[in-house]
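Below: the structure, in structure tokens.
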Amino acid sequence: MADAKTDDLSAQQAAIIPIAAFTANGNSDQLKKALSGGLQAGLTINEIKEVLIQMYAYCGFPRALTALSTFMNLLDERKAQGIEDKQGDAPKKLAAGADRLAIGGKIQTGLVGRPVTGKLYEFCPDIGVFLKEHLFCDIFARNLLTDKEREIATIAALAALPAPEQLESHYKVCLNIGITAAQLRDFVNILAERVGKNQAALAADILAKALKSTK
């Protein structure tokens, strides 16, 4: 998918928001509508699968597996109706013997803009290893979604859970990788329109805080 060139998110990027949010909060009825909307917006089957795979890192296997089941059933219904959805490219496979810790550390540093350290990772070093090896290597290194698209999915899930502290951190990641403040405000508007007023209000408050702290 091409990156947005305006102050608004692209149709595909916008479609990721309710998919991620309803996966995170477990609303399968609304998720089904969001998945259908994603296909209509031009997301491929494999791109949507990738969003749902990534979601387990933020909201757990139960929600991600339920979302994948909802998507599978939707595709069966559409196929029975004669609708042929585009499968899309397959994900890139990690080379055998790859240094997952090094790869993940490089990706994490690029997203955040600096090496990630702090008391939390001193308190529990293993979580830092798992983040690098699994989230940032095994998941983020796959090629079906751009970093921007993955972060849009992430902030949507964090707003829906909710997880305010992590949402603020990921807003800063969004800004670091080139998502503009205007596009993040568009993200909040899309949350309000397609997900819910409460989620959008939280997202707006945290965004204001994140923008203030990055000035």
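Values in this document were obtained by computation on a predicted structure and should not be read as measured data.
- When the side chains of ILVMFWY residues are joined at heavy-atom separations under 4.5 Å, either directly or via intervening members, L35 and L65 end up in a single hydrophobic cluster.
- L135 and L52 fall within a single hydrophobic cluster, where Ile, Leu, Val, Met, Phe, Trp and Tyr are joined by side-chain heavy atoms under 4.5 Å apart, directly or via other members.
- With rounding to the nearest 0.5 Å, the separation of CG in D138 from CZ in R100 is 4.0 Å.
- The existence of a salt bridge linking R150 and E50 is confirmed by a sub-4.0 Å separation between a basic side-chain nitrogen and an acidic carboxylate oxygen.
- In this structure, D76 CG and Q81 CD are separated by 11.0 Å, a value rounded to the nearest 0.5 Å.
- Side-chain atoms of T214 come within 3.5 Å of backbone N or O of L211 as a donor-acceptor pair.
- Residues I45 and F71 meet the side-chain proximity criterion, which asks for heavy atoms closer than 4.5 Å.
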Would T44 and K49 count as a side-chain contact (heavy atoms from CB on, under 4.5 Å) if you check the C-alpha gap in whole Å, the side-chain angles of each, and the deciding distance to 0.1 Å? CA-CA 9 Å; T44 68; K49 283 183 184 178; over 6 Å; no

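- In this structure, the separation between CD1 on I155 and CG on L207 is 8.0 Å, given to the nearest 0.5 Å.
- No donor-acceptor pair closer than 3.5 Å links the side chain of N176 to the backbone N or O of K172.
- In this structure, L202 and P164 approach most closely via the heavy-atom pair CD1-CG, 4.2 Å.
- Note on L74: it clusters hydrophobically with I19, by side-chain heavy-atom contacts below 4.5 Å among ILVMFWY residues.
- Using a cut-off of 4.0 Å between Lys/Arg side-chain N and Asp/Glu carboxylate O, K212 and E168 are scored as not salt-bridged.
- Here the side chains of I179 and L175 are not in contact, with every heavy-atom distance at 4.5 Å or above.
- Under the 3.5 Å distance criterion, the side-chain polar atoms of E151 are left unmatched by any main-chain donor or acceptor of K148.
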Show your reasoning for whether side-chain contact (heavy atoms from CB on, under 4.5 Å) applies to L75 and N73. CA-CA 5 Å; L75 292 174; N73 292 336; over 6 Å; no

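- For the pair S36 (side chain) and K33 (backbone), a donor-acceptor distance under 3.5 Å is absent.
- N46 contributes a side-chain N or O that, together with a main-chain N or O of D89, makes up a donor-acceptor pair within less than 3.5 Å.
- Between the D7 side chain and the Q183 main chain, no donor and acceptor come within less than 3.5 Å of each other.
- Across all their heavy atoms, Y171 and A210 have their closest contact at CB-CB, 3.9 Å.
- Between F187 and A203, the shortest heavy-atom contact is CE2-CB, 4.3 Å.
- In this structure the side chain of I17 reaches within 4.5 angstrom of the side chain of L9, judged on heavy atoms.
- Checking side-chain atoms of Q13 against main-chain N and O of S10 turns up a donor-acceptor pair under 3.5 Å.
- Of all heavy-atom pairs spanning P18 and V195, the tightest one is CA-CG2, 3.9 Å.
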Full working for side-chain contact (heavy atoms from CB on, under 4.5 Å) between R194 and Q199: CA-CA 10 Å; R194 305 190 192 183; Q199 293 87 344; over 6 Å; no

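- Without hydrogens or angle criteria, Y58 side chain to A20 main chain gives no donor-acceptor distance under 3.5 Å.
- The two residues A90 and L144 have their closest heavy-atom pair at O-CD2, 3.5 Å.
- The CG atom of L158 sits 10.5 Å away from atom CD1 of I206, with the distance rounded to the nearest 0.5 Å.
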Which is it for K32 and E77 under the salt bridge (Lys or Arg N to Asp or Glu O under 4.0 Å) test, yes or no, and what are the steps along the way? CA-CA 11 Å; K32 184 178 180 179; E77 290 176 10; 2.9 Å; yes

Using the rule given for side-chain contact (heavy atoms from CB on, under 4.5 Å), can you reason through I190 versus D186, listing the C-alpha separation, both sets of side-chain angles and the distance that settles it, and then say yes or no? CA-CA 6 Å; I190 292 166; D186 189 37; 3.8 Å; yes

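- Using modelled atom types, one side-chain atom of N143 and one backbone atom of K92 make a donor-acceptor pair closer than 3.5 Å.
- For F136 against I107, the heavy-atom pair with the smallest separation is O-CD1, 3.1 Å.
- Donor-acceptor pairing under 3.5 Å is recorded for the side chains of Q54 and T154.
- Under the 4.5 Å side-chain heavy-atom criterion for ILVMFWY residues, a single connected hydrophobic cluster contains both L161 and V51.
- Here the side chain of E149 pairs a donor or acceptor atom with the backbone of T146 at under 3.5 angstrom.
- For the atom pair CG (D85) and CZ (R78), the distance works out to 4.0 Å, reported to the nearest 0.5 Å.
- To the nearest 0.5 Å, atoms NZ (K197) and CG (L191) are separated by 11.0 Å.
- Hydrophobic clustering, with ILVMFWY side chains joined whenever heavy atoms are under 4.5 angstrom apart, groups I139 together with L94.
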